[in-house]
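Data first, discussion second: the structure below is written as structure tokens.
Just the heavy atoms: all of them, side chains too, but no hydrogens, waters or symmetry mates, feed the values below. All figures in this text were calculated on a predicted structure; none of them were measured in a lab.
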Amino acid sequence: PRAFLPAASRAVRSVAGLPRRENAGLQSGVCAVADNSSEQLIARFLHYKTVEKGLAPLTIEAYRADLIQFSQFLAGLPLVTAERREIGDFIVKRLADGTQPRSVRRKVSTLREFFKFLLLDNLIQADPMERIAPVKVGRVLPKGVSKIEIATALETLRPHCKAPRAERMRLRESAALELLYGSGLRVTELVDARVADVNLADRCIHVRGKGDKQRVAPFGHRCAEAL
């Protein structure tokens with residue numbers, strides 16, 4: 001049997017937006033899934049998210065790590081038997097262990113997507129995440145990069161020797177930095193960009209972002225010259 005968490009976890013539950021424990025009404029309504037082990041269900045869920053939703057490999061790996069961690073927390077119990085109480089205990093344990101609220105919030109989101117998948121596949125009759133509130137996190141405004149900082153970064157790309165390879169590398173890195181700053185791309189979007197995606201005449205780039213979503217990002221004259 002799972003060890004009962006101490007009463008001091010009530011404060012952590014408040015931070016997580018979780019209600020107090022209940023002794024009844026927590027049944028998740030599990031269907032017959034004799035041939036579906038937790039490992040198989042995780043694999044099916046990740047395949048669904050990869051093939052049908054087109055999620056990025058890093059997102060898939062985050063999903064995998066979260067689900068494996070939750071499965072280990074259940075100490076051998078099948079994932080389809082998880083109830084609201086176990087999920088609440090898992091959230092409290094992660095916060096009590098010092099995991100950042102933002103990371104715990106992502107884990108809750110993973111579990112929400114996973115149990116929604118099980119429900120749509122008729123592997124459970126009720127969603128145990130239905131009354132689990134998102135973990136509260138403080139909002140932090142992003143820090144902008146000043147023109148002076150960008151100018152300093154570009155200055156470091158000046159060639160220190162006249163070797164042809166060094167000049168090619170300088171031109172490449174200068175163009176990449178100008179594009180990153182001038183169009184507001186994510187680093188992964190910059191890495192995945194192709195020459196064919198760039199439209200120098202209209203000064204824009206065709207970008208494939210998270211979830212394979214596409215958009216057009218403009219850039220200025222200086223970035224166009226660097227490219």
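Between the CG atom in Leu177 and the SG atom in Cys223 there is a gap of 9.5 Å [rounded to 0.5 Å]. The CZ atom of Arg84 lies 4.0 Å from the CZ atom of Arg131; values are rounded to the nearest 0.5 Å. To the nearest 0.5 angstrom, Leu118 atom CG is 8.5 Å from Arg44 atom CZ. With values rounded to the nearest 0.5 angstrom, Leu185 atom CG is found 5.0 Å from Leu179 atom CG. In this structure, CD1 in Ile205 is found 9.0 Å from CD in Glu189, a value given to the nearest 0.5 Å. Atom CG of Leu46 sits about 9.5 Å away from atom OH of Tyr63, to the nearest 0.5 Å.
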Task: Trace of the side-chain contact (heavy atoms from CB on, under 4.5 Å) decision for Phe117 with Leu41 - done: CA-CA 10 Å; Phe117 168 78; Leu41 291 177; 5.6 Å; no

TODO: Check step by step if side-chain contact (heavy atoms from CB on, under 4.5 Å) holds for Asn199 and His206.
DONE: CA-CA 8 Å; Asn199 185 334; His206 190 81; over 6 Å; no

Task: Derivation of the side-chain contact (heavy atoms from CB on, under 4.5 Å) call for Asp197 and Val207 - done: CA-CA 7 Å; Asp197 297 330; Val207 182; over 6 Å; no

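By the neighbour-count criterion of 12 heavy atoms within 6.0 Å, atom NE2 of His47 is sparsely surrounded, having that number or fewer from other residues, nucleotides or ligands. Dense packing is recorded around CD of Glu149, with more than 12 heavy atoms of other residues, nucleotides or ligands lying under 6.0 Å away. By the 6.0 Å contact criterion, CD on Gln100 is open, its count of non-hydrogen atoms from other residues, nucleotides or ligands being 12 or less.
Summarising the geometry of Ala226 relative to Ala175, their closest heavy-atom pair is O-CB, 3.6 Å, with the distance given to 0.1 Å. Here the closest heavy-atom approach between residue Val216 and residue Cys204 is recorded as CG1-CB, 3.7 Å. In plain terms, the two heavy atoms of Ala82 and Leu74 that are nearest each other are CB-CD1, 4.1 Å.
Residue Leu190 is not grouped with residue Tyr181 when hydrophobic side chains (ILVMFWY) are merged at heavy-atom distances under 4.5 angstrom, including chains of intermediate members. One hydrophobic cluster holds both Ile42 and Ile60 under the rule that ILVMFWY side chains link at heavy-atom gaps under 4.5 Å.
Contact annotation: the side chain of Phe114 approaches that of Leu79 to within less than 4.5 Å [non-hydrogen atoms, C-beta and beyond]. Looking at Val104 and Ile91, their side chains come closer than 4.5 Å, going by heavy atoms from C-beta outward. Looking at Phe90 and Leu111, their side chains come closer than 4.5 Å, going by heavy atoms from C-beta outward.
Comment: Asp97 engages Lys93 in a salt bridge, judged by a side-chain N to carboxylate O separation of less than 4.0 angstrom. We find that Glu61 and Arg64 are joined by a salt bridge, their nearest charged nitrogen and carboxylate oxygen being less than 4.0 Å apart.
The aromatic rings of Phe73 and Phe70 sit parallel to each other, their planes meeting at less than 30°, with 60° as the upper class boundary.
Proximity of a side-chain donor or acceptor of Asp127 to a complementary backbone N or O of Met129 within less than 3.5 Å is detected. With Ser109 contributing its side chain and Arg105 its backbone, the two residues share no donor-acceptor pair below 3.5 Å. Without hydrogens or angle criteria, Glu86 side chain to Glu83 main chain gives a donor-acceptor distance under 3.5 Å. With Thr110 contributing its side chain and Arg106 its backbone, the two residues share a donor-acceptor pair below 3.5 Å. In this structure, the side chain of Ser183 does not engage the main chain of Phe219 through any donor-acceptor pair within 3.5 Å.
Test Ile87, Leu120, Val80 against Phe115 for side chain to side chain contact (heavy atoms under 4.5 Å, CB included) and you get one pass: Ile87. With Arg208 as the partner, the side chain to side chain contact (heavy atoms under 4.5 Å, CB included) test is satisfied by one option alone out of Arg215, Lys213, Arg194: Arg194.
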